[in-house]
Amino acid sequence: MRINKCMICGRQFESERYAQICSPECRKIRSANLKAEREENAKISRGYADYTGRRPSRIREINEKARAAGMTYGKYMAMKYIENSRK
């Protein structure tokens, strides 16, 4: 057994393995904190004013480029994949 300190509440607890969280309640708090942190980082890094957790779809934009090139969306994406794989 080893004595660990919970990173959420600071309580000391015994564990057979390395653990940073002492209880299911602290685990829920840690999970919520991590989710909020990830969402905030995504807002900042992507520059989204209204982050919904999903990236905006670019399918319409790509489809317009494909039609302008005289191709279907699938053929256009296959061509792009081949171009990128050769680099």
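Contact detail for R11 and C22: the closest heavy-atom pair is NH2-SG, 3.0 Å. Considering every non-hydrogen atom in both F13 and I21, the closest pair reads CZ-O, 3.6 Å.
Linking Ile, Leu, Val, Met, Phe, Trp and Tyr whenever their side-chain heavy atoms come within less than 4.5 Å leaves I82 and Y73 in two separate clusters.
Residues satisfying the side chain to side chain contact (heavy atoms under 4.5 Å, CB included) criterion with I29, sequence neighbours excluded, are I8, N33. K28 is linked by a side chain to side chain contact (heavy atoms under 4.5 Å, CB included) to nothing, counting only residues two or more places apart in sequence or in another chain.
Note that CD of E37 is 7.0 Å distant from CZ of R30, once rounded to the nearest 0.5 Å. Note that CD of Q12 and CG of N4 are 9.0 Å apart. Values are rounded to the nearest 0.5 Å. Atom NZ in K65 sits 10.0 Å away from atom CE in M77 (nearest 0.5 Å).
Counting non-hydrogen atoms of other residues, nucleotides and ligands closer than 6.0 Å to CD of E83 gives a total above 12.
Looking at S31, its side chain never comes within 3.5 Å of a backbone N or O of R27 through a donor-acceptor pair.
Between E61 and R58 there is a salt bridge, since a side-chain N of the basic residue sits under 4.0 Å from a carboxylate O of the acidic one.
Alongside I3, the hydrophobic cluster contains no other residue (criterion: ILVMFWY side chains under 4.5 Å).
In this structure the side chain of R60 reaches within 4.5 angstrom of the side chain of E64, judged on heavy atoms.
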